[in-house]
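Only one structure is covered here, and it is reproduced in the block below.
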Amino acid sequence: MNYKQHIASKIATLLTGFEAQEIAALMEYPSDPEKGDLSLPCFRLSKPLRKSPQLIADELKFALQDEEIDYSESVAGYLNIFLKKERFAKTLVSEILTTGDRYGSQEIGQGSTVVIDFSSPNIAKPFHVAHLRSTVIGNALYQIHAFLGYKCVGINHLGDWGTQFGRLIVAYQLWGNEEAVTKGAIDELLHLYVKFHEEAEQDPTLEDQARAWFTKMEQGDESALTLWRWFVEISIAEFQKIYKLLGVQFDAFTGESFYNDKMEPIIEELKSKQLLEEDEGAWLVRLDDYGMAPALMLKKDGSSLYHTRDLTAAMYRAETYDFAKAIYVTDYAQNLHFQQWFKVVELMGYEWADKLEHVAFGRVSIEGASLSTRKGNVIKLEDLLQQAIQKTLEIIEARNPDLVDKKQAAEQVGVGAVIFNDLSSNRIKDIDFSWDSALNFEGETGPYVQYTYARTCSVWSKALATYGPLNLANEHDLEWTHLASTEAIEVLKQLYLFIERVEQAMLKLEPSVIARYLIDLAQAFNRFYHACYILLEEKQIREARLALVSCVQTTLRNGLKLIGLQAPDEI
RNA sequence: GUCUCAGUAGCUCAGCUGGAUAGAGCACACGCCUUCUAAGCGUGCGGUCGGGGGUUCGAAUCCCUCCUGGGACGCCA
């Protein structure tokens, strides 16, 4: 039941010249329960209706009749609407109990495909806290779109090609050996990479050798490619461990190298469309008319660039997936880059240019200092996750020593803390990483939400143990008046908002909407929990409250899943 | 220099497409486990919404301008 729409269309019939949709758009949910459950500010209706807002609200107050509405009030130009709480409770609780793990879902995306390019770490470099953002934001967008009926394609656009592999090969041949790399994996590759840069400062010819090796790779030299494939394998194996821990999956691991043989036709097309021009030996697309610097497509040595590759990948994806939306999750340092090649697609005449979306997020620093793989100023995600899990384990040992599978719970909560920490504020915000806030489990955190979820499970298991099974499917037996406390109603109102929030998160491409919603719902529930004892002897009250607990449980679980967190029954 | 993003409580952040006294969490002080997990709940403290103009019945929100900070700006990705 969509109350905004339902009541808006009722109001629209009472006013001349307004569509239900316009009215619904004006309506809001007042923060103060004194001001009703729904409110219509009448100020904007004033001019077209040639009446004062107060008068409009007064008239609507008397004219508006609906089976869902208890009464209305006209206050200072606002029409404040109070719903019939018992009906509201019954309708909503029934809906949630019936839809279960589909509560909050919609079919908006039915028949459409969304391609999401995210995570995309660089081969041979450790997966660190900055990659985490792209990974968890991308994964959340994937889950949210899928929940709304879209077919999703998650692509890990690995950084698996480029001169850095020439450097790595040189470093490996000079200072590395098979045993050390097999044993040390990415750590050893990173060590070689760092060593290369140190040595290259003394001996610039190393860079020439590196370029030569990369050229060999591009020409298909087997000895070069064999080493390269090995480095890629080692890296992916290590990334997979992290993805498993994070619960993230991809539909394709098509990295940069995948497009090596697909770029030439694109260059030809640019030329034939008169978009490419030569400048100082390089080839570029001029974008002066759009206030942007030109987009370089070919270096003067004829090799391709970032733009060429992304453009080629987009063409490939357009043909392969026929997407309704193609989303790129990267930090905002790449804003201009995406604007540029999006514009190039448009200039090439492809209608899907406006389906490309850059989902930019803020940069990560560590205690004020920027991250640098070369300088070693990184926090490896694996270390962070292990610390979070370890800390969780200690807390569980102290508070719930009888828990059967402590390790699993610690993993779910520790990882949840890290993910939630990254998703809880608007993605555009910069993050200054601190161990304190990443390992904080109190207040607005993932563990708080998970704890609340476990609490709902705990209440239920105790209820079953004490009073035996209860079939909520027969909700006609429930006594809705027992959900009339202010705390219960606040919970119901939050539950109701879930559908809107999921949609909003999708439209804004903003997972933090869900994260914040879960905090709001958990807070409302915890207040209810403290104010209203659930497992009372009185059957009617107990069962009505248990029904509410069940709704909170379902909604928290659904919401946690959307942002990639597990919902442990007991922690 | 040009373009762009951000600036809300001591700190981290919400604030939907302009709406009713600007909301949370952390920190700090105090209170609450002889009933459902205290990773919890309550009370208190704390804001000239970066500054200044403007539009509007109404601006944290829209426009202009300035200040501060991040980022990008041709052969890295």
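Proteins get letters first, then strands, A, B, ... in listed order; numbering begins at 1 in each.
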Original post:
Is the aromatic ring of A:Tyr533 within stacking range of B:C36, meaning centres under 5.5 angstrom and planes under 30 degrees?
Top reply: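 A stacking contact exists, since A:Tyr533 sits close and nearly parallel to the base ring of B:C36.
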Subject >> Electrostatic pair A:Arg542:A:Glu538 at N-O distance under 4.0 angstrom >> reply: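 Salt bridge absent between A:Arg542 and A:Glu538.
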Touch class at under 4.0 angstrom, heavy-atom based, for [X] against every strand present:
X        : result
A:Ala454 : base
A:Ile396 : base
A:Val413 : base
A:Ser425 : sugar-phosphate
A:Gln164 : nothing
A:Arg309 : nothing

Original post:
Considering the options A:Phe253, A:Tyr259, A:Phe118, which one meets the side-chain contact (heavy atoms from CB on, under 4.5 Å) requirement together with A:His157?
Top reply: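 With A:His157 as partner, A:Phe253, A:Tyr259, A:Phe118 yield a single side-chain contact (heavy atoms from CB on, under 4.5 Å), made by A:Tyr259.
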Original post:
Can you find an N or O donor on one side and an acceptor on the other, under 3.5 Å apart, linking the side chain of A:Asn80 with the base of B:A20?
Top reply: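 Such a pair is found, so the answer is yes.
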Original post:
Got a donor-acceptor pair under 3.5 Å from the side chain of A:Lys462 to the base of B:U35?
Top reply: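 Flag unset: no donor-acceptor pair detected.
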Original post:
Between B:C75, B:A38, B:A24, which one does the side chain of A:Lys300 approach most closely?
Top reply: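 Given the options B:C75, B:A38, B:A24, the side chain of A:Lys300 is closest to B:C75.
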**OP:** Would you mind telling me which of B:A14, B:A20, B:C75 lies closest to the side-chain atoms of A:Asn426?
**Re:**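 Output: B:A14.
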Subject >> Of A:Arg44 and A:Asn400, the one whose closest RNA chain B nucleotide lies more 5' >> reply: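 The residue whose closest nucleotide sits nearer the 5' end is A:Arg44.
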